[in-house]
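Below: the structure, in structure tokens.
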Amino acid sequence: MENKFKYIYGPVPSWRLGSSLGIDLLSQKDKICSFDCVYCQLGATKVFTETRHQYVSENNIIKELEGLPDGIPIDYITLSGRGEPTLAANLGSVIKSIQRNRTEPIAVITNSSLIHRADVREELSHADLVIAKLDAPKQDIFEIINKPLETQLNTIVKGIKEFKKGFKGKLAIQIMFTDDNIGCAADIANTVKEIMPDEVQLNTPLRPCSIVPISEEKMLEAKTFFTGLNIISIYESNKKDVKPISDIDTLKRRGKE
Ligand code: SF4
């Protein structure tokens, strides 16, 4: 049976989250993001911004969650979707509302662009799992691969370190390897070791996009630089067999699990 959900999608099988029920806090037709990553599966960024704004009320999200059929296996409720979820000004209050209504752990997948802001760090701190992007060891590579609007890489790294200090949940750093940054794997690993996250997620764009993924062999070589950290890699993970309850249109929102 298909349901017309506007803000929630899935659950979708995720190599790092198991059965992941997505919530799109932006829920606009066009992608809203502070980056325009070369590998983005959602296409070019249409609304390029670092300004936070409320797009969907928490009441509407909770109403949809209340409409979920019983008994759906969900490992994580994941705030992700068509763009950068920390651009939603009500991120923190939505997380808290979901926690009052559901028992599943909450994950946020962020590009880290706003993590230098104290308000964003405070809101993210209510999640159980934060997956923060870090694709580059220095500004020039960052600009090539992530094409940020304004943020500087050193500000992001400082923000992630600050966030890690006070965060009680699990922090994962996700790295998307492409031809642009695979040669810098050792330098990225050094930065990640300064952060000491709970998990490192080594990824490469296997879903259709214009960027050729890194081979399994090269990913294994890159993995050696991260020795000593808790590593998961897209090539070595299995996806669960998950049946979505949302319809095809809604499923198109997924992009980052
Ligand atoms: S991959 Fe994520 S951070 Fe990069 S442009 Fe797409 S939505 Fe934004």
Side-chain angles (χ1 to χ4, degrees), residues 7 9-10 12 14-17 20 22-53 55-56 76 78-89 91 107-117 120 123-124 127 129-137 139-153 155-157 159-160 163 171-182 184 188 200-214 234 250-257:
Y7 315 115
Y9 58 96
V12 290
S14 161
W15 66 276
R16 48 194 172 173
L17 294 168
S20 165
I23 298 184
D24 185 352
L25 292 185
L26 307 173
S27 288
Q28 306 297 303
K29 192 167 136 278
D30 293 326
K31 180 181 68 170
I32 302 169
C33 199
S34 43
F35 285 1
D36 194 10
C37 303
V38 288
Y39 53 75
C40 186
Q41 290 148 358
L42 302 170
T45 299
K46 293 272 173 51
V47 182
F48 211 4
T49 182
E50 288 190 0
T51 304
R52 304 186 78 204
H53 174 77
Y55 294 91
V56 183
Y76 274 98
T78 306
L79 305 185
S80 181
R82 292 188 68 81
E84 170 49 32
T86 62
L87 287 171
L91 172 73
V108 182
I109 303 181
T110 176
N111 67 11
S112 318
S113 60
L114 299 187
I115 205 163
H116 62 279
R117 290 178 51 153
V120 171
E123 291 174 44
L124 285 173
L129 166 63
V130 171
I131 302 177
K133 183 188 292 300
L134 186 68
D135 292 340
Q139 186 68 22
D140 55 347
I141 307 285
F142 175 53
E143 285 176 12
I144 290 169
I145 193 162
N146 299 121
K147 295 193 267 174
L149 180 64
E150 278 179 4
T151 329
Q152 298 291 303
L153 182 69
T155 313
I156 285 181
V157 173
I160 297 176
F163 178 67
L171 173 68
I173 297 291
Q174 56 160 337
I175 303 146
M176 185 71 94
F177 280 116
T178 70
D179 281 339
D180 291 322
N181 64 352
I182 192 72
C184 317
I188 297 174
V200 185
Q201 304 176 345
L202 306 184
N203 202 354
T204 193
L206 293 184
R207 282 199 248 148
C209 74
S210 57
I211 300 295
V212 179
I214 295 302
I234 189 159
T250 322
L251 273 178
K252 282 182 189 156
R253 287 169 195 213
R254 70 167 299 192
K256 294 173 286 178
E257 285 104 310

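As the structure is a prediction and not an experimental result, all values here were calculated from the model. Whatever order the structure lists them in is the order used to number ligands and atoms, beginning at 1. Heads up: numbering here begins at 1 and tracks the sequence.
Using a 4.0 angstrom heavy-atom cutoff, K133 counts as in contact with ligand 1. Residue contacts with ligand 1: K31 is included, with a non-hydrogen atom under 4.0 Å away.
Which of N111, T45, L87, D36 comes nearest to atom 3 (S) of ligand 1 through a heavy atom is settled by distance: it is N111.
For the side chain to side chain donor-acceptor pair (under 3.5 Å) with S34, the lone residue among T45, T86, N111, T49 that qualifies is N111.
Ligand-side atoms of ligand 1 in range of C33: 3 (S), 5 (S), 7 (S), 8 (Fe), range being under 4.0 angstrom from any heavy atom.
Not a single N, O or S atom of C37, from either the backbone or the side chain, sits less than 2.8 Å from atom 8 (Fe) of ligand 1. Residue side and main chain included, C40 places an N/O/S atom under 2.8 Å of atom 6 (Fe) of ligand 1.
Side chains of D24 and S80: no donor on one and acceptor on the other come within 3.5 Å. Using modelled atom types and a 3.5 Å distance limit, the side chains of E50 and S113 yield no donor-acceptor pair.
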Distance-only donor-acceptor pairs under 3.5 Å for side chains of residues 140-150, two or more places apart:
from: E143; atom 1: OE2; to: Q139; atom 2: NE2; distance (Å): 2.8
from: N146; atom 1: ND2; to: D135; atom 2: OD2; distance (Å): 2.9

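Among residues two or more places apart in sequence or in another chain, the salt bridge (charged side-chain N to carboxylate O under 4.0 Å, His left out) test is passed with D36 by K31.
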